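For reference, the structure discussed in these notes is given below.
Every chain is numbered from 1, with letters handed out A, B, ... down the list of sequences. All values derive from a computational prediction rather than experimental measurement.
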Amino acid sequence: EPEVTQTPSHQVTQMGQEVILRCVPISNHLYFYWYRQILGQKVEFLVSFYNNEISEKSEIFDDQFSVERPDGSNFTLKIRSTKLEDSAMYFCASRGQGAHTEAFFGQGTRLTVV
Amino acid sequence: TQLLEQSPQFLSIQEGENLTVYCNSSSVFSSLQWYRQEPGEGPVLLVTVVTGGEVKKLKRLTFQFGDARKDSSLHITAAQPGDTGLYLCAGDGSSNTGKLIFGQGTTLQVKP
């Protein structure tokens with residue numbers, strides 16, 4: 001069964017450092033997303049990506065965040081200068097074409113900023 | 001801003017009991033999804049409801065979409081310990097980018 005894979009599963013970084021979270025979406029999907037879930041809180045939308053560009057971003061997704069699909073298979077989320085409050089689970093998701101299609105989520109990357 | 005309010009946030013019941021989880025909004029959603037999330041993993045889709053008034057069944061789970069497409073419910077009959085987990089409702093946002101707006105989740109514990 002196709003799946004979304006994310007690496008690493010856990011990343012510990014020092015405040016102010018750059019991190020790159022990696023995702024391999026399902027191969028024939030066209031829509032890609034990043035969500036985050038701070039411990040004990042709800043899953044929050046960060047950004048959507050379609051046709052090699054950002055289609056929507058939330059107010060959380062400020063200038064410290066960027067996304068890229070560098071080689072047609074990977075989809076990355078970069079945080080330039082991490083803050084303590086960036087500590088969260090980050091989920092990548094992808095969807096195929098068509099209305100109401102299922103969003104498949106990866107297992108997440110737990111980012112801990114110390 | 002579209003918001004989904006899920007209730008209750010925590011539910012602890014005995015095996016064999018029935019339960020209902022509610023997901024409410026003041027906004028209309030084109031569809032609503034219910035997910036289950038295990039600790040340390042991503043959400044896994046249980047069902048999508050699209051039409052107002054729609055009812056879908058998945059074994060002992062019954063999902064309903066409100067007539068006005070602003071609310072949904074998940075009913076579990078004769079709960080089992082294997083049903084223990086976090087249940088999330090999520091709605092298709094209004095922006096047509098396919099983003100999902102999540103409720104806060106309901107943590108269900110079913111005791112044997």
Side-chain angles (χ1 to χ4, degrees), chain A residues 1-6 8-10 21 23 25-26 29-51 53-61 67 88-111, chain B residues 1-10 21 23-25 27-52 54 56 58 63 65 69 72 85-107:
Chain A
E1 186 175 318
E3 60 179 10
V4 176
T5 56
Q6 287 185 245
S9 55
H10 192 185
L21 309 184
C23 169
I26 293 172
H29 283 184
L30 301 176
Y31 300 86
F32 313 111
Y33 308 87
W34 283 100
Y35 293 83
R36 81 170 184 191
Q37 186 177 30
I38 294 170
L39 186 63
Q41 298 185 24
K42 65 180 177 182
V43 178
E44 300 174 288
F45 167 76
L46 291 178
V47 65
S48 60
F49 193 86
Y50 170 73
N51 201 24
E53 60 183 20
I54 290 174
S55 50
E56 185 176 2
K57 57 185 181 180
S58 72
E59 57 191 29
I60 302 168
F61 194 89
V67 289
M89 281 289 284
Y90 288 81
F91 293 107
C92 171
S94 68
R95 295 177 90 156
Q97 188 88 19
H100 315 305
T101 54
E102 178 179 353
F104 288 82
F105 284 80
Q107 292 204 311
T109 293
R110 179 171 297 284
L111 176 65
Chain B
T1 303
Q2 291 178 297
L3 290 173
L4 279 168
E5 297 290 333
Q6 221 175 307
S7 61
Q9 288 194 332
F10 301 98
V21 177
C23 183
N24 296 304
S25 178
S27 306
V28 174
F29 286 91
S30 60
S31 69
L32 262 171
Q33 291 83 46
W34 285 92
Y35 290 83
R36 181 170 164 175
Q37 185 181 16
E38 300 298 335
E41 296 185 12
V44 176
L45 183 71
L46 295 174
V47 79
T48 300
V49 285
V50 178
T51 307
E54 182 176 6
K56 281 193 175 177
L58 192 66
F63 305 86
F65 202 11
R69 292 186 290 131
S72 182
L86 177 64
Y87 291 84
L88 303 167
C89 68
D92 259 322
S94 58
S95 58
N96 293 323
T97 60
K99 77 173 185 189
L100 293 172
I101 294 163
F102 282 84
Q104 310 98 309
T106 295
T107 299

How far does OG1 of A:Thr101 sit from CG of B:Asp92, to the nearest 0.5 angstrom? 8.0 Å

Atom OG1 of B:Thr97 and atom NZ of A:Lys57: how far apart are they, to the nearest 0.5 Å? 13.5 Å

Is the count of non-hydrogen atoms from other residues, nucleotides or ligands lying under 6.0 Å from A:Arg110 atom CZ greater than 12? no

Contact part of A:Gln6 toward chain B, heavy-atom cut-off under 4.5 Å: side chain, backbone, both or neither? neither

Between B:Ile101 and chain A, with a heavy-atom cut-off of 4.5 Å, which part of the residue counts as in contact: side chain, backbone, both or neither? neither

A:Glu102: which of B:Thr48, B:Leu45, B:Val47 passes side-chain contact (heavy atoms from CB on, under 4.5 Å): B:Leu45

Under 4.5 Å to a heavy atom of chain B? For A:Tyr31 that would be side chain

As a quick check of understanding, evaluate side chain to side chain contact (heavy atoms under 4.5 Å, CB included) for B:Glu41 and A:Phe105, giving each step before the final call. CA-CA 9 Å; B:Glu41 296 185 12; A:Phe105 284 80; over 6 Å; no

Only pairs of heavy atoms separated by less than 4.5 Å count here; which of B:Glu38, B:Gln33, B:Gln104, B:Lys99 has the most with chain A? B:Lys99

Of all of A:Ala93, A:Gly108, A:Ala103, which one pairs up most often with chain B through heavy atoms under 4.5 Å apart? A:Ala103

Counting heavy-atom pairs under 4.5 angstrom with chain A, the leader among B:Gly98, B:Gly40, B:Gly103 is B:Gly98

Where does B:Gln6 contact chain A at under 4.5 Å (heavy atoms): side chain, backbone, both or neither? neither

Taking ring pair (Phe, Tyr, Trp, His ring centres under 6.0 Å) as the criterion, tell me which of A:Tyr33, A:Tyr35, A:Phe91 meets it with B:Phe102. A:Tyr35

Contact class of B:Ser30 relative to chain A, heavy atoms under 4.5 angstrom: both

If you tally heavy-atom pairs under 4.5 Å between each of B:Pro43, B:Ala90, B:Ser31 and chain A, the highest tally belongs to B:Pro43

Residues of residues 42-49 of chain A contacting chain B, heavy-atom criterion under 4.5 Å, by residue number: A:Lys42, A:Val43, A:Phe45, A:Ser48

